[in-house]
Amino acid sequence: MSIHTNDIKRITTHILQEMKYNNEKIAMLTGYDFSLAKIIDTAGIDIILVGDSASNVMAGHETTLPITLDQMIYHASSVVRAAQRALVVVDLPFGSYQGNSKEALSSAIRIMKESGAHSVKMEGGSEILESIERILSAGIPVMGHLGLTPQSIYKFGTYVVRAKEEEEAKKLLEDAKLLEDAGCFAIVLEKIPAHLATKVAKEVKIPIIGIGAGNGVDGQVLVLHDMLGITHEFSPRFLRRYNNLYEEIKGSVEAYIKDVKSLDFPNKKEQY
Ligand code: KIV
């Protein structure tokens, strides 16, 4: 049995590193609000990522670009209030760190101070190294994110699998090593060939968390609303749905509407 169950107060970056050494897989999910974060924390999730995918699943935007730093802080604060065990990682949103490293640091500090989260995540490699280093030098743990980086969607043009060609795969491996050397505590690899993700996980010592990157890595992450089947139009190959809450919620709401309209609800026992 794993030692990392509810008898441990809080998952830390050091525990994640130990888990990699002990070949114990890391389970990470996104979370954006208090109620669902409470459920996934109680279930024993290791990391809750307050992802900028909130822009899609919470706000209904087509991309992750519109979400603001204030909005990320709002979501992160709600999750932090719920999470007693999980490490909470918060995405630095588009535009809050790419421009210059001083602005990056002040964005990261705002997240840490105003939400109480434990770390930040940033998309990119060598291009944003200066910002990563400055944030790390302030004592803020940073998770990297390579491969498909949705904040650069207009540069890529599509959400297809990244790093299939040798040159891009070589740069990805180099970037992973740069992030490790800089002091990042983990890296998310999104939508890249499984053999490349496995190679990265073997060649760097920090935990590699995959999404659409096969099972040769140190852990997995999914968007909560996708794996619960709340979203139902998005069906990439890597997504395993553990429920169909879209249909369940819709069915419950339809039943409620029917009960209200037919005067079945509230009944005698449900009133004062
Ligand atoms: O924002 C997000 O949900 C993410 C995950 C897909 C890793 O970055």
Side-chain angles (χ1 to χ4, degrees), residues 16 25-33 36-37 40 45-69 71-76 78-79 83 86-98 107-108 111 115 117 119-125 128 132 141-153 156 159-163 172 175-176 179 184-192 197 200-201 206-214 217-228 230-231 234-241:
L16 297 174
K25 299 295 174 192
I26 298 164
M28 167 165 150
L29 280 171
T30 63
Y32 318 101
D33 71 294
L36 289 182
I40 65 175
I45 202 74
D46 298 312
I47 306 176
I48 302 180
L49 168 66
V50 184
D52 58 0
S53 49
S55 180
N56 310 110
V57 296
M58 300 302 287
H61 293 296
E62 208 174 300
T63 72
T64 58
L65 275 67
I67 200 158
T68 65
L69 187 55
Q71 287 165 342
M72 288 303 295
I73 290 170
Y74 167 78
H75 287 297
S78 308
V79 169
L87 181 91
V88 179
V89 183
V90 183
D91 264 332
L92 278 179
F94 176 69
S96 71
Y97 63 99
Q98 291 93 343
S107 302
I111 286 182
S115 76
S119 55
V120 297
K121 176 163 83 58
M122 298 160 75
E123 294 184 6
I128 58 154
I132 291 178
V142 175
M143 175 181 269
H145 184 155
L146 300 171
L148 177 66
T149 46
Q151 291 179 11
S152 310
I153 185 58
F156 297 144
Y159 287 100
V160 295
V161 179
R162 306 302 311 172
L172 188 141
D175 277 343
L179 297 185
C184 287
F185 73 88
I187 301 172
V188 166
L189 292 184
E190 181 165 352
K191 220 169 172 187
I192 63 166
V200 176
I206 56 175
I208 299 297
I209 316 284
I211 173 163
V217 290
D218 307 303
Q220 300 292 332
V221 56
L222 284 175
V223 169
L224 184 64
H225 289 56
D226 295 338
M227 63 83 79
L228 291 178
I230 296 175
T231 53
F234 179 65
S235 279
R237 189 202 294 198
F238 67 76
L239 174 61
R240 184 177 295 183
R241 283 197 205 286

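Atoms within each ligand, like the ligands themselves, are counted from 1 in listed order. Only heavy atoms go into these numbers, but all of them, side chains included; no hydrogens, no water, no symmetry mates.
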Is there a side-chain contact (heavy atoms from CB on, under 4.5 Å) between Leu222 and Leu29 once you walk through the steps?
CA-CA 5 Å; Leu222 284 175; Leu29 280 171; 4.0 Å; yes
Give me the residue, atom name and distance of the protein heavy atom closest to atom 4 (C) of ligand 1.
Leu49 CD2, 3.5 Å
Quick check: does Glu123 get an N/O under 3.5 Å from an N/O on ligand 1?
no
With sequence neighbours excluded, what pairs up with Asp33 under the salt bridge (Lys or Arg N to Asp or Glu O under 4.0 Å) test?
none
Relative to the heavy atoms of Thr30, which atoms of ligand 1 are at a distance of less than 4.0 Å?
3 (O)
Just let me know how Val223 lines up against ligand 1, side chain, backbone, both or neither, with a heavy-atom cut-off below 4.0 Å.
side chain
I want to check something: taking the side chain as every heavy atom from C-beta on, are Tyr159 and Thr63 in contact at a cut-off of under 4.5 Å?
yes
Classify the contact between Thr64 and ligand 1 as side chain, backbone, both or neither, using a heavy-atom distance cut-off of under 4.0 Å.
neither
Starting from the C-alpha separation in whole Å, work towards a yes-or-no answer on side-chain hydrogen bond (donor to acceptor under 3.5 Å, both in side chains) for Arg241 and Ser235.
CA-CA 9 Å; Arg241 283 197 205 286; Ser235 279; 3.2 Å; yes
Heavy-atom contacts with Asp91 under 4.0 Å: which atoms of ligand 1 show up? List them by number with element.
1 (O), 2 (C), 8 (O)
Answer with yes or no whether Met28 contacts ligand 1, where contact means a heavy atom under 4.0 Å from a ligand atom.
no
Reported CD1-to-CD1 distance for the pair Ile73 and Ile111, which is rounded to 0.5 angstrom:
5.5 Å
N or O contact, Asp52 vs ligand 1, cut-off under 3.5 Å
yes
If I compare all heavy atoms of Val88 with all of Ala83, which pair ends up nearest, and what's the gap?
CG2-CB, 3.8 Å
Validation row: Leu49, Val188 side chains within 4.5 angstrom (heavy atoms):
no
Considering only non-hydrogen protein atoms, determine which one is nearest to atom 8 (O) of ligand 1 and report residue, atom name and distance to 0.1 Å.
Lys121 NZ, 2.9 Å
Show, in sequence, the C-alpha distance, side-chain angles and deciding distance for His61 and Ile67, and conclude whether the side-chain contact (heavy atoms from CB on, under 4.5 Å) test is met.
CA-CA 9 Å; His61 293 296; Ile67 200 158; 5.7 Å; no
re atom 2 (C) of ligand 1, the protein heavy-atom contact at minimum distance is Ser53 OG, 3.3 Å
With a cutoff of 4.0 Å, is His145 in contact with ligand 1, counting heavy atoms of the residue only?
yes
Give the atoms of ligand 1, by number and element, whose distance to some non-hydrogen atom of Ile211 is under 4.0 Å.
6 (C)
